[in-house]
2 protein chains.
Amino acid sequence: MNKTVNKTKEHTCEVDLFDPKRVASVRKKMKPEGTMQALAETFKALADTTRVKIIFALSQQELCVCDLASLLKVTKSTVSHQLRILRNMRLVKYRKEGKMVYYSLDDDHIKNLFDEGLRHVEEM
Amino acid sequence: MNKTVNKTKEHTCEVDLFDPKRVASVRKKMKPEGTMQALAETFKALADTTRVKIIFALSQQELCVCDLASLLKVTKSTVSHQLRILRNMRLVKYRKEGKMVYYSLDDDHIKNLFDEGLRHVEEM
DNA sequence: GCAACAGTTGAATAACTATTCAATTATTGT
DNA sequence: ACAATAATTGAATAGTTATTCAACTGTTGC
């Protein structure tokens with residue numbers, strides 16, 4: 001399958017003398033495409049300063065949308081849009097109480113992930 | 001500072017009856033802006049399928065750029081661009097050997113973060 | 001020196017995303 | 001019913017980013 005030398009014609013740029021044994025051995029261990037994508041999606045949900053702040057705030061205490069807007073000094077619309085992303089990823093849950101909607105973290109798992117990241121950053 | 005009712009004029013849209021005690025108590029615990037940004041940056045480095053695959057592959061074994069290109073079926077240029085991002089975030093390190101450049105994970109910390117994410121995804 | 005190749009880089013493009021704005025829904029109190 | 005306000009939503013915009021392409025650097029072997 002993988003020839004040791006993978007020659008293409010004249011103009012170089014994609015010839016490639018990779019090591020087929022090394023590549024094959026790693027390929028066997030690779031997770032399915034779907035897993036890799038889901039993992040990237042999860043990290044993507046945390047890959048924004050506003051969402052990081054929301055997650056941190058909610059790890060301290062349940063808060064409504066306008067608490068968060070006030071705390072972060074952004075509009076409710078912005079908070080609401082970002083909360084939708086976190087909701088879709090099952091990172092936060094909510095309960096309604098009259099006009100207000102109170103958000104909190106969906107489980108401890110996300111807190112672990114977050115804290116692991118925090119430890120990484122604070123050890124720099 | 002925070003008045004209980006934060007009235008603005010006529011046209012609504014940003015009035016906000018947030019709870020100042022709740023907000024103040026969380027605000028005290030918030031990490032500095034820089035920490036929040038660094039954290040988002042770290043997650044951003046992992047927030048892409050190609051980079052997730054690179055990190056996973058390197059967690060198995062040290063690999064050169066064209067190994068990675070072959071494994072992931074993308075061009076060396078693409079791999080190189082993404083490796084630069086990971087290098088800048090100190091997530092991977094490299095050593096040169098002749099023409100080849102071998103990359104590996106910078107430390108175990110990143111592996112922990114990655115595994116924590118993997119556990120989250122695989123428990124869905 | 002020259003050809004071949006590994007890797008890097010900058011520019012361009014296409015796709016994606018955060019925020020803003022305006023409109024809408026739903027709930028509370030009068 | 002009406003006014004006020006919490007929250008959500010869709011569209012538009014501006015900014016960001018992944019990939020591609022072409023050119024380039026540096027190393028090896030002839």
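Every chain is numbered from 1 and lettered A, B, ... according to where its sequence line falls, protein lines coming before strand lines. None of the values given here were measured: they were computed from a predicted structure.
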Using atom names, set out every protein N or O paired with an N or O of nucleotides 28-30 of chain D below 3.5 Å, distance rounded to 0.1 Å.
none

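For A:Glu62 and B:Arg22, the salt-bridge test fails: no basic side-chain N is under 4.0 Å from an acidic carboxylate O.
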- Task: Assess whether salt bridge (Lys or Arg N to Asp or Glu O under 4.0 Å) is satisfied between B:Asp115 and B:Lys111, documenting all intermediate values.
- Result: CA-CA 6 Å; B:Asp115 287 343; B:Lys111 186 92 167 43; 3.2 Å; yes
- Task: Mind running salt bridge (Lys or Arg N to Asp or Glu O under 4.0 Å) on A:Glu122 and B:Lys31 for me, showing each step along the way?
- Result: CA-CA 10 Å; A:Glu122 290 185 330; B:Lys31 303 282 179 185; 3.5 Å; yes
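Note on B:Arg84: every side-chain N or O is 4.0 Å or more away from OP1 and OP2 of D:dT19. Taking 4.0 angstrom as the limit, A:Thr75 places none of its side-chain polar atoms (N or O) nearer than this to OP1 or OP2 of C:dC21. The phosphate of D:dT19 has neither OP1 nor OP2 within less than 4.0 Å of any side-chain N or O from B:Arg51. Not one side-chain nitrogen or oxygen of B:Lys76 sits closer than 4.0 Å to the OP1 or OP2 atom of C:dG7. The phosphate of C:dT9 (OP1 or OP2) has no side-chain N or O of B:Ser80 nearer than 4.0 angstrom. In this model, the phosphate group of D:dT19 is approached by a side-chain N or O of B:Thr50 to a distance below 4.0 Å at OP1 or OP2.
Ranking D:dG10, C:dA18, C:dT8 by closeness to the A:Asp48 side chain, first place goes to C:dA18. With distances taken from any side-chain atom of A:Thr78 to the nucleotides C:dT8, D:dA7, C:dT20, the minimum falls on C:dT20.
The hydrophobic cluster of B:Ile85 has no other members, since no ILVMFWY side-chain heavy atom comes under 4.5 Å of it.
Under the 4.5 Å side-chain heavy-atom criterion for Ile, Leu, Val, Met, Phe, Trp and Tyr, A:Val79 and A:Met100 are members of distinct hydrophobic clusters. Connection of B:Tyr102 to B:Tyr94 is not established within any shared hydrophobic cluster, with ILVMFWY side chains joined at heavy-atom distances below 4.5 Å, either directly or through further cluster members.
When rounded to the nearest whole Å, the span between CE of A:Met89 and P of C:dT17 equals 12 Å. The CG-P distance, from A:Leu46 to C:dT17, rounds to 14 Å in whole Å. To the nearest angstrom, P of C:dA18 lies 10 Å from CG of A:Leu86. As a whole-Å value, the separation of A:Asn88 CG from C:dT17 P is 12 Å. Going from atom CG of A:Leu83 over to atom C1' of D:dT9 covers 14 Å, rounded to whole Å. Going from atom OH of A:Tyr102 over to atom P of D:dT8 covers 13 Å, rounded to whole Å. Atom CG in B:Leu63 sits about 15 Å away from atom P in C:dA6, given to the nearest Å. Rounded to a whole Å, the CG atom of B:Asp67 is 10 Å from the P atom of C:dA6.
With centres under 5.5 Å and a plane angle under 30° as the test, the ring of A:His81 is not stacked against the base of C:dT19.
When only modelled atom types and interatomic distance are considered, B:Arg87 and B:Tyr103 share a side-chain donor-acceptor pair under 3.5 Å. Between A:Glu41 and A:Gln37, the side chains place no donor N or O within less than 3.5 Å of an acceptor N or O (distance only, hydrogens not considered). For B:Thr75 and B:Thr78, the side-chain atoms include at least one donor-acceptor pair closer than 3.5 Å.
Among the protein residues, A:Tyr103 comes within range of the sugar-phosphate backbone only, with heavy atoms under 4.0 Å from sugar or phosphate atoms but none that close to a base. B:Lys44 comes within 4.0 angstrom of the backbone, heavy atoms only, and of no base. Residue contacts shown for B:Leu68 are absent, as no nucleic acid heavy atom lies under 4.0 Å away.
The stretch residues 32-43 of chain B has no heavy atom under 4.0 angstrom from DNA chain D at all.
Two residues, A:Ala47 and B:Val101, neighbour DNA chain C, and the one matched to the more 5' nucleotide by heavy-atom proximity is B:Val101.
Side chain of A:Asp67 to backbone of B:Asp19: a donor-acceptor contact under 3.5 angstrom is found. For A:Ser59 (side chain) and A:Phe56 (main-chain N/O), a donor-acceptor pair under 3.5 Å exists by modelled atom type.
In this model, a side-chain donor or acceptor of A:Ser77 finds a partner on the base of D:dT9 within 3.5 Å.
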